[in-house]
Amino acid sequence: MNLRDQVLGYLQTQAMRICGERVDGGAGGVIEVRYPWSGEVVATVPRASVEDVRRAFELAHAYRPTLTRHARYKILMRAGELIAQRLDDIAQVITLESGLCLKDSLYEVGRASDVLLFAAQHALQDDGQSFSCDLTHHGKQRRVYTMREPLLGVISAITPFNHPLNQVIHKVAPSIATNNRMVLKPSEKTPLSALVLADILYEAGLPPPMLSVVTGDPRVIGDELLMNPQVDLVTFTGGVAIGKHIAARAVYKRQVLELGGNDPLIVMDDADPLKAAELAANGSYKNSGQRCTAVKRIFVHEAVREEFTQALVARTKAWKFGDPLDASVDMGTVIDEQAAMLFERRVKDAVAQGARLLHGNVRNGASYSPTVLDGVRSSMEVVEHETFGPVSPIMSFSSLDEVIGLVNASAYGLSSGVCTNRLDDVMRLVRELQVGSVNVWEVPGYRLEVTPFGGIKDSGLGYKEGVQEACRSFTNTKTYSIPW
Ligand code: NAD
């Protein structure tokens, strides 16, 4: 039996994991998870009821984690080893539920191991502070100390479809590192990797009450995930519309909201256009363009526009897309046909408004080709809104002031990429772009799994993710002072 069939055999009928217990859908029935390339059903997951979710919170709330730092470190490191041993199987699961190509899925599994490594290291860090109290003229012989404690209540985590494993592990691993309890609801489009991850963590020794995975229709269970009184913090990654809905519903709960992006790549007049075009293609097409930090607007200085555009078209034509399970393919499908149809329509509309289609905009089901558009204006829907797919829209500019204005005119402010070797321009862009990150000579999506990451404006409330920041937001600081 080949690996695909083995994985399919394993997936079939999945149950939820409520504090380790396998729970099926009961009267609620199931949700079908389809392989976007063929449309076949690869697994079903339960459609949780409000009572299922409430029970998950109750059980988690009743449990008090007592793992030492060393025990947390060991569990996270062991889970990393298990993931590395099962790399190929897990990559197949990601591909089958999302249509991402195997290259993207293998990369994602590698990132997941990095997250576990950094979370394990964080578990070992005693991050309390100490202040001497004789710092001022009315000082005393005392010391003030701080220590970080897990939340009293449970963390409710909600994740999107585009990185089925990585978005999940960026919430789960910091929760374990900080001795918290989490109830996770992955995207109903890609719930399988989260279930696989939960099993690996239980196998690595995680006490089951520290992690539950519930699956279901957000219209049914969404409010319970946001408003359950045993929830202290809601951590959400997803689109702006749901993010703002959550902000309004999860009242008096800590909220970490990582929302959509519309990230620019800025190519200045001194930039090597070939090197910049390579970054543009990688930034636009990796993960089928479905990264919150994908390149979604390309601003090219007039002086290098022609050379850059030719190089990007050549690179795009060479980008191999097709069967996601073919290991040589650079890009699989997007998440579903509906998404692909939206990109196709937006590109057609842009062309009707004067943009030039230089390559692509070919759709077949959920398969959508890498696409280059030139002569795009900020008012066109394809760039005004987040187009969450493999589209490279080129816009030109002639001065630094102009491009800063164009970037900042967007409602979003997640990340950015900059191609220039002039330090004075770099520092102006770092200071003046209204975004969470600036990467010079890198794609906007460049990050380490430990470094602070997150957006402002419509891209988020400014609370960052990345293992270090997530561990901070998942803990309360206790301050105490003693007289010696
Ligand atoms: P989405 O907003 O449609 O869904 C995200 C999650 O919210 C899913 O699990 C969904 O079931 C859940 N949800 C939907 N309605 C809900 C409700 N009423 N109550 C509670 N939960 C509800 O996003 P998506 O289409 O899965 O993902 C794509 C979006 O995610 C893009 O906008 C992308 O930019 C964004 N994203 C952001 C980041 C980041 O770090 N900033 C990272 C990845 C993806």
Side-chain angles (χ1 to χ4, degrees), residues 240 243-244 256-273 275-280 282-284 291-305 308-309 312 373-388 391-448 451-466 468-469:
V240 176
K244 289 190 174 174
V256 180
L257 305 176
E258 300 293 344
L259 310 183
N262 206 355
D263 288 356
L265 182 73
I266 300 173
V267 184
M268 297 294 293
D269 50 344
D270 69 307
D272 172 349
K275 202 170 143 193
E278 185 66 30
L279 286 178
N282 284 336
S284 292
R291 298 184 73 182
C292 51
T293 49
V295 169
K296 306 218 179 79
R297 295 179 293 158
I298 305 176
F299 294 101
V300 188
H301 194 284
E302 296 283 9
V304 288
R305 176 174 167 185
F308 171 87
T309 305
L312 178 57
L373 263 185
D374 190 19
V376 175
R377 293 189 310 277
S378 296
S379 57
M380 295 176 178
E381 190 184 336
V382 71
V383 287
E384 192 183 5
H385 295 283
E386 180 186 41
T387 297
F388 206 55
V391 181
S392 291
I394 301 175
M395 295 181 265
S396 59
F397 68 93
S398 54
S399 74
L400 193 58
D401 284 335
E402 184 189 357
V403 77
I404 291 172
L406 286 166
V407 170
N408 289 347
S410 169
Y412 297 90
L414 190 54
S415 186
S416 60
V418 170
C419 302
T420 179
N421 296 318
R422 285 195 300 255
L423 192 55
D424 51 348
D425 287 353
V426 166
M427 288 318 296
R428 259 201 77 190
L429 290 163
V430 168
R431 285 195 203 96
E432 294 184 30
L433 292 183
Q434 296 169 352
V435 292
S437 313
V438 179
N439 287 315
V440 181
W441 281 117
E442 251 305 349
V443 292
Y446 179 77
R447 62 190 284 201
L448 298 182
T451 48
F453 165 82
I456 54 174
K457 298 165 78 176
D458 273 3
S459 297
L461 290 176
Y463 249 128
K464 298 255 185 189
E465 272 206 342
Q468 180 188 292
E469 295 294 315

Closest non-hydrogen atom pair between G454 and K464, with its separation: O-NZ, 3.3 Å
Between L448 and T451, what is the shortest heavy-atom contact and its length? O-OG1, 2.9 Å
Heavy-atom pair of closest approach, residues W441 and A271: CH2-CB, 3.9 Å
For the backbone of G417 and the side chain of N439, can you confirm whether one donor and one acceptor N or O come within less than 3.5 Å of each other? no
Looking at every non-hydrogen atom in both residues, tell me the closest pair between E402 and S396 and how far apart they are. OE2-O, 4.3 Å
With sequence neighbours left out, what residues match E465 under salt bridge (charged side-chain N to carboxylate O under 4.0 Å, His left out)? K171
Restricting to non-hydrogen atoms, name the atom on L265 and the atom on A276 that form the minimum distance, rounded to 0.1 Å. CD2-O, 3.9 Å
Out of L312, V304, V403, which residue meets the side-chain contact (heavy atoms from CB on, under 4.5 Å) rule with V267? V304
Just checking, is any N or O donor in the side chain of D263 or T293 under 3.5 Å from an acceptor N or O on the other one? no
Non-neighbouring partners of S415 that pass side-chain hydrogen bond (donor to acceptor under 3.5 Å, both in side chains), sequence neighbours left out: none
Show me the donor-acceptor pairs within less than 3.5 Å that the side chains of residues 430-437 make with the rest of the protein, sequence neighbours left out.
residue: E432; atom: OE1; partner: R428; partner atom: NH2; Å: 3.1
residue: E432; atom: OE2; partner: R428; partner atom: NE; Å: 3.0
residue: Q434; atom: OE1; partner: K457; partner atom: NZ; Å: 2.9

With a 4.5 Å cut-off on side-chain heavy atoms, are L400 and M268 touching? yes
Interatomic distance, OG@S410 vs NE2@H385, rounded to 0.5 Å, equals 10.0 Å
By salt bridge (charged side-chain N to carboxylate O under 4.0 Å, His left out), which residues pair with D269, not counting sequence neighbours? R422
Output the distance between atom CG (D374) and atom OG1 (T309), rounded to the nearest 0.5 Å. 5.0 Å
Residues that N282 engages under side-chain hydrogen bond (donor to acceptor under 3.5 Å, both in side chains), provided they are two or more places apart: none
Would you say that K275 contacts C419 through its side chain, given a criterion of any heavy-atom pair below 4.5 Å between the two side chains? no
Does any N or O in the side chain of S459 come within less than 3.5 Å of the main-chain N or O of G260, such that one atom is a donor and the other an acceptor? yes
Measuring from N262:CG to C292:SG, what's the distance to the nearest 0.5 Å? 12.0 Å
Residue list, side-chain hydrogen bond (donor to acceptor under 3.5 Å, both in side chains) with K244, at least two apart or on another chain: D458
